Each structure stands twice: as structure tokens, then as C-alpha cells.
Trainee: 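Here you go, one structure.
Each residue takes its place number in the sequence, starting with 1. Just so we're clear, the structure is a prediction, and the values are computed from it rather than from any experiment. Hydrogens, waters and symmetry mates play no part in the numbers below; they use all other heavy atoms, side chains included.
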Amino acid sequence: MTNRLVLTLLALSLMMPFARAADISPLIARIRAVGREGSGNAEAAQAWRELAQSDASALPAILAGFDNADARAVNWLRGAVDAIAERELAAGKKLPAEELEAFIKQSQHHGSARRLAYEWLVRVDPKAPDRLLPDMLQDPNVELRRDAVARVIKDADRALAAGNKADAEAAFRKALAGARDRDQVDAVAKQLKTLGVSVDLAAHFGFIKSWQLAGPFDHVGGVGWTKDYPPEHGVDLTATYPGKKDAVKWLAHTTGDAYGTVDLNKAIGKNMGAVAYAFAAVVSPTERPVEIRVGTTNAVKIFLNGKLLFAREEYHHGMKMDQHVGFGTLKAGRNEILIKICQNEQTDTWAQNWSFQCRLCDAVGSPVPFVVANETTTGGK
């Protein structure tokens, strides 16, 4: 919901009498029922106008309405929270600070709702971060977690500036344990390095560094994107395939890059209009959800145990960590990960990159436990 729309709806809300908190459940339900392509929009708009008349005591219930709601409903509910809070404070009234703090502490609630509650609480109680952030280093909401990590980094920086190296190292280690954003991890790792502590960045993020690579296969004219080459029907590491020019065999490759980047130009040779496959068998101690996050400047497909999880045919749009995400489930035991990376035929100097990185993590970005199996044939040894 745009700021202009929020202001418009806020203005409308000031023209209507306040609703009691007890009346809002049906209103929240009507907003949560909004569908795709505008379905239920008129009903949601009317419900929003009524909901926005609630007094501040309704805020925790509205925030709870975020739980299991889709993005459209969340936008409507966020606008209602902001309208109510702005109006109440403008009138010199108070927000239910104790209830908001209790809501924030309940980590099972929707992350956006908890973050919104936190922002409003801090606005009326600047000391709230002192109470809340120390317990949020492992919070499931990435924004709250980031704030908690930033606070510990400041403590570590102060200790280091004062010459208290032992305290600084302990604080930096504490920050690293919670940090999931690359900029924070890089900053902490750099400071720890000055203290003689080496950080395994690949392990911290869950990057796979050892792969079996096969390629190049033909992709001239873009034909390889839709063509299912043999690895997509099952990987046999002893197999030989017809390649773009010569026969293709699987090649074991381990990258030395701290962030797990595999340079395919170096690993299998520079090729344009080409497809490469990267295969890794990983062993998980338990069945669990997983996000397979890939960074690449090339077109990419992500497979898990033979199932296509993600596909995007874009080229040379820049490469950054976690830009492509496949959502799946790791089985307890052995799992097969296959990445298809397509390089087009652009001749520009900036279009020569053919590389990728891949990590396994949860929704917060924490690495999931796995080991890469040392295999030379399908099924392992």
C-alpha cells in the first residue's frame, strides 16, 4: 500500500466514528478474503475504512490478523495499523505499549507484524530496544535480528577501540552467530581477522563448494534452455554424453572462493551459447524444508531430487547472493541437487561471465546441516 493511499484512507477514517475493538474480527476477515485481480477489493476497502476507526486497543488484534495472510491482506492491515497509530498519537493519546511488547516477544506471529509493532513501540518508548534486542540475535524475523546484531557489533567496536581485545572478540563472535546479512558478516569477519580469528564464510552461509560439473552442451540460439539433456533425467557420474563439440564427462571441481562461486569459464573452459550442469549429492541428518539459493548472472534452473524447483531465463542482469531461490524439502539421508546454467552468445566484454554460487539454508538464511557426499558413481560409495 502506497503512502498516498494510506494518507487518503487516513483522511477518510477521520470522518467516521470510532469502532470498538470487539467489533473488528469480521472486518479483519473481510480484508483477509481479498483475492487476486481485485476480487473482494470493494469489500476490503469498506472493511478497512471501518477498521481504521478502531481505537489503539485494537492494534494487537489487527497485528495478529497478519498471521497466515497473503501479501495483499497484509498491505491492507498494515495500512490500518499505521492509520490508527498515527491518529491516536496526533490526538495526544497513548498506544498499548505493554501489549505491543508482549506481541513482539511472541515469535510465532507474522514477521512483518512483529516488525511493525516494534517500530511503533520504539516511537513511543525509545528504551524498548534495550529490553528487546538482547534476546533477538536468533530471531526468525530478519529485520529484528539485523538490529540485534548491529547492536552487538557496536558493543564490539567500542571494546576494540578501548583496547579490550578479549571482550571485542567475544562480542564479534556473538554478533557473527546471529548475523545472516552479507554486509554484517563481512564486517564482523574483517574485524575478527584483525584479532587473529579466521571465519569460514562458506560454512557460515551453507555454500556448497564441491561439485561434479558437466558441459558444455549446445545452447546456440537458446536451444538448450528447453532441451532436457541427459543429466535432467538422472545423473550417472560415470556416463559420457554427446556435448556441444566433443564428448562430455563429469568433472570433479572444488572452488576456493570464500563464497562458493564456481567460475565455469575456468572449470570447464570458456564457451558461448552453452549449457553446463553442476551436481552435488548432499546428506541431511533429518527431513526438513530447505531453500536452495543461487547467485548467477546466467539463465538458471534448480532441481532437487529430480524435481524442478526454480527456473529463470535471464542473462547478464548482475550477480548477487541469494538472487534465485528454490523452495523444497531435503529427505533424511541422500539428496541430489542439480543446477543448470545457460550462457548465451553475447559478445560484449561484460557478458562473458559464466559462473554460479549455491547455498542451502532456512527461511532466515541460516545454513541447514548437510555434508557433501564423496561420490564417483550414482548412489555413492
Trainee: Find out whether Lys331 and Ser284 are in side-chain contact, i.e. whether some heavy atom of one side chain is under 4.5 Å from a heavy atom of the other.
Mentor: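 Contact flag for Lys331/Ser284 side chains = no.
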Trainee: My understanding is that only one of Ile153, Val199, Val152 makes a side-chain contact (heavy atoms from CB on, under 4.5 Å) with Val188; could you say which?
Mentor: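 In the set Ile153, Val199, Val152, the residue that makes a side-chain contact (heavy atoms from CB on, under 4.5 Å) with Val188 is Ile153.
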Trainee: Any side-chain donor-acceptor pair under 3.5 Å between Gln343 and Asn298?
Mentor: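 Short answer, yes.
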Trainee: Using side-chain contact (heavy atoms from CB on, under 4.5 Å), reason through Met136 and Leu133 one step at a time and then give a plain yes or no.
Mentor: CA-CA 5 Å; Met136 290 183 164; Leu133 291 181; 4.1 Å; yes
Trainee: State yes or no: do Val282 and Leu309 share one hydrophobic cluster built from I, L, V, M, F, W and Y residues joined by side-chain heavy-atom distances below 4.5 Å, directly or via other members?
Mentor: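 Same hydrophobic cluster.
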Trainee: Yes or no on side-chain contact (heavy atoms from CB on, under 4.5 Å) for Asn335 and Val283, after CA distance, side-chain angles and deciding distance?
Mentor: CA-CA 6 Å; Asn335 297 266; Val283 179; over 6 Å; no
Trainee: For Trp211 and Phe356, what are the C-alpha separation, side-chain angles and deciding distance, and is it a ring pair (Phe, Tyr, Trp, His ring centres under 6.0 Å)?
Mentor: CA-CA 11 Å; Trp211 296 90; Phe356 77 98; 5.2 Å; yes
Trainee: Could you check whether any side-chain N or O of Lys301 sits under 3.5 Å from a backbone N or O of Trp225, counting only pairs where one atom can act as donor and the other as acceptor?
Mentor: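 Flag set: sc Lys301 to bb Trp225 pair under 3.5 Å.
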Trainee: With Ser210, which residues qualify under side-chain hydrogen bond (donor to acceptor under 3.5 Å, both in side chains), at least two apart?
Mentor: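 For Ser210 the side-chain hydrogen bond (donor to acceptor under 3.5 Å, both in side chains) partners, ignoring immediate neighbours, are Thr254.
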Trainee: Could you tell me whether Glu232 and Lys340 make a salt bridge, using a distance below 4.0 angstrom between a side-chain N and a carboxylate O?
Mentor: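 Lys340 and Glu232: salt-bridged.
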Trainee: With heavy-atom distances below 4.5 Å as the criterion, would you say the side chains of Ile292 and Arg359 are in contact?
Mentor: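 No. Closest side-chain heavy atoms not under 4.5 Å.
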Trainee: Check the pair Gln357 / Thr296 against side-chain contact (heavy atoms from CB on, under 4.5 Å), numbers first and verdict last.
Mentor: CA-CA 7 Å; Gln357 59 179 188; Thr296 181; over 6 Å; no
Trainee: Hey, is the main chain of Asp263 close enough, under 3.5 Å, to the side chain of Trp354 for a donor-acceptor pair?
Mentor: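 Judged by distance alone, no pair lies under 3.5 Å.
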Trainee: Just checking Lys307: does its NZ atom have more than 12 heavy atoms from other residues, nucleotides or ligands closer to it than 6.0 angstrom?
Mentor: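 Count not over threshold, so no.
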Trainee: Within the side chain of His219, is there an N or O that forms a donor-acceptor pair under 3.5 Å with the backbone of Gly273?
Mentor: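 Absent.
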Trainee: Can you name the residues that form a salt bridge (Lys or Arg N to Asp or Glu O under 4.0 Å) with Glu169, not counting sequence neighbours?
Mentor: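 Partners of Glu169 by the salt bridge (Lys or Arg N to Asp or Glu O under 4.0 Å) criterion, ordered by chain and then number, come out as Arg173.
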Trainee: Does anything in residues 117-175 form a ring-ring contact (aromatic ring centres under 6.0 Å, His included)? List the pairs, not counting sequence neighbours.
Mentor: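 ring-ring contact (aromatic ring centres under 6.0 Å, His included) check on residues 117-175 returns no pairs.
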Trainee: Is the shortest distance from a Lys or Arg side-chain nitrogen in Arg115 or Asp147 to a carboxylate oxygen in the other one below 4.0 Å?
Mentor: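 Yes.
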Trainee: Take Arg146 and Asp183 through the side-chain contact (heavy atoms from CB on, under 4.5 Å) test and state the conclusion after the steps.
Mentor: CA-CA 11 Å; Arg146 181 180 175 85; Asp183 63 328; 2.6 Å; yes
Trainee: Taking the side chain as C-beta and beyond, is there a heavy-atom pair between Arg123 and Leu89 under 4.5 Å?
Mentor: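 Touching, per the 4.5 Å side-chain cut-off.
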Trainee: Is it the case that atom CD in Glu98 sees more than 12 heavy atoms from other parts of the structure closer than 6.0 Å?
Mentor: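 No, CD of Glu98 has 12 or fewer neighbouring heavy atoms, counting only those of other groups under 6.0 Å.
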Trainee: Is the Tyr259 ring parallel, tilted or perpendicular to the Phe205 ring (thresholds 30°, 60°)?
Mentor: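 Tilted: the ring planes of Tyr259 and Phe205 meet at 30° to 60°.
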Trainee: Under a 3.5 Å distance rule, please check whether Glu313 uses its side chain to pair with a backbone N or O of Val300 as donor and acceptor.
Mentor: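 Side chain of Glu313 to backbone of Val300: no pair is present.
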Trainee: Quick one: list whatever passes ring pair (Phe, Tyr, Trp, His ring centres under 6.0 Å) with His109, sequence neighbours left out.
Mentor: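 Expected list: Phe103.
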Trainee: With sequence neighbours excluded, tell me which residues meet side-chain hydrogen bond (donor to acceptor under 3.5 Å, both in side chains) with Arg131.
Mentor: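 Checked Arg131 against side-chain hydrogen bond (donor to acceptor under 3.5 Å, both in side chains); matches are Glu101, Asp125.
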Trainee: Holding to side-chain contact (heavy atoms from CB on, under 4.5 Å), I want the full list of residues that pass it with Asp246, two or more places apart in sequence or in another chain.
Mentor: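 Applying side-chain contact (heavy atoms from CB on, under 4.5 Å) to Asp246 gives none.
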Trainee: Between the side chains of Asp139 and Arg180, is the shortest nitrogen-to-carboxylate-oxygen separation below 4.0 Å, so that they form an ion pair?
Mentor: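 Between Asp139 and Arg180 there is no salt bridge, as every charged N stays at least 4.0 Å from the carboxylate O atoms.
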Trainee: Check for me whether the distance between the ring centres of Tyr277 and Phe217 falls short of 6.0 Å.
Mentor: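 Yes - the distance between ring centres of Tyr277 and Phe217 falls below the 6.0 Å cut-off.
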Trainee: Using modelled atom types and a 3.5 Å cut-off, is there a donor and acceptor pairing between side-chain atoms of Tyr229 and backbone atoms of Asp218?
Mentor: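 Flag set: sc Tyr229 to bb Asp218 pair under 3.5 Å.
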Trainee: Using distance alone, with no hydrogens and no angle criterion, decide if Asn141 and His110 have a side-chain donor and acceptor under 3.5 Å apart.
Mentor: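 Judged by distance alone, the side chains do not pair up.
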Trainee: Assign the ring pair His324 / His317 to parallel, tilted or perpendicular, where the plane angle (0 to 90°) is split at 30° and 60°.
Mentor: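 If you compare the ring of His324 with that of His317, the planes turn out perpendicular.
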Trainee: Verify the cluster assignment for Phe303 and Val290: are they in a single hydrophobic cluster under the rule of side-chain heavy atoms below 4.5 Å apart?
Mentor: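 No; tracing contacts between hydrophobic side chains, which count when under 4.5 Å, never links both residues.
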Trainee: Are more than 12 heavy atoms from other residues, nucleotides or ligands located less than 6.0 Å from atom CG of Asn68?
Mentor: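 At most 12 heavy atoms, drawn from other residues, nucleotides or ligands, come within 6.0 Å of this atom.
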Trainee: Please confirm whether the backbone N or O of Gly365 pairs with a side-chain atom of Asp362, one donor and one acceptor, at under 3.5 Å?
Mentor: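 Yes, because the side chain of Asp362 sits within donor-acceptor range (under 3.5 Å) of the backbone of Gly365.
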Trainee: Can you find a heavy atom in the side chain of Leu338 that is under 4.5 Å from one in the side chain of Ile302?
Mentor: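 Sidechains of Ile302 and Leu338: no contact.
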Trainee: Checking side-chain polar atoms at under 3.5 Å, does Asp257 have a donor or acceptor matched by the opposite partner on Thr255?
Mentor: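 Side-chain D/A pair, Asp257 to Thr255: absent.
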